[in-house]
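Lettering of chains follows the sequences in order, A, B, ..., and the numbering in each one begins at 1.
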Amino acid sequence: GDSVTQMEGPVTLSEEAFLTINCTYTATGYPSLFWYVQYPGEGLQLLLKATKADDKGSNKGFEATYRKETTSFHLEKGSVQVSDSAVYFCALSLSHQGGSEKLVFGKGTKLTVNP
Amino acid sequence: GAVVSQHPSRVICKSGTSVKIECRSLDFQATTMFWYRQFPKQSLMLMATSNEGSKATYEQGVEKDKFLINHASLTLSTLTVTSAHPEDSSFYICSAGQGTTEAFFGQGTRLTVV
């Protein structure tokens, strides 16, 4: 069945370090791919998404490129800040219009950024 | 962005009792609401999808008589865990959407059954 595998955490970085959180997927169709972020005490928020191969999603300095050949959607940021400390979830949806229905999530990766 | 409020954020109940969790869309009408569950160190797993005014659609392996879902209005869905047992202890989270558009998530509810 459809699944998402993401890098296990926790990940601890110093401020201004480079961040990569790996995410790979298995899907029978052509999924849309998402990264969600959950800040302490809050709900999940959509960080970025990509709906087709080679699309790049970006937001708040974060980027991820939909790589069909490697079935990956790795999250990157060039210079993290303390405020980026959160749990990050990779997810896929088989909604063809890029909607967020029936999301399949990875386990989440907790990121802590120290000053 | 759109706001989804989930209540309570944390609840402790005795084994055998029932617990109700509410999910409200505060500034939009949600035609579809989703309920997820997350066990420690596991993924969020979709439990069921509910559409306003109709019965919920449960994912395989989820007991519909144990997890009662009601979506009586366009702004409110409830999940009732009936006859709760310690193995039901988990993190429950809802999301609300308008069909194929982005779904917005609540803060989640930490249920502990003792």
A:Glu69 CD: over 12 foreign heavy atoms closer than 6.0 Å: yes
Considering residues, nucleotides and ligands other than A:Lys110, do more than 12 of their heavy atoms fall under 6.0 Å from its NZ? no
Do other residues, nucleotides or ligands put more than 12 heavy atoms under 6.0 Å from B:His7 NE2? no
Tell me, side chain or backbone of A:Gln45 under 4.5 Å from chain B's heavy atoms, or both, or neither? neither
Could you check whether atom CD of A:Gln81 has more than 12 heavy atoms from other residues, nucleotides or ligands sitting under 6.0 Å from it? yes
If one checks every heavy atom of B:Phe91 against chain A at 4.5 Å, the contacting part turns out to be side chain
Here the pair of heavy atoms bringing B:Ser43 nearest to A:Gly106 is OG-C, 3.3 Å
Minimum heavy-atom separation for B:Gln107 and A:Gln38, please, with both atom names. O-NE2, 4.2 Å
Looking at B:Met45, I'd like to know if its CE atom is crowded, meaning that more than 12 non-hydrogen atoms belonging to other residues, nucleotides or ligands lie closer than 6.0 Å. no
What part of B:Gln6 gets within 4.5 angstrom of chain A, counting heavy atoms only: side chain, backbone, both, or neither? neither
Euclidean distance, B:Leu44 CG relative to A:Tyr36 OH, rounded to 0.5 Å: 10.5 Å
Point-to-point distance, once rounded to the nearest 0.5 Å, from CZ of B:Phe105 to CG of A:Leu103: 5.0 Å
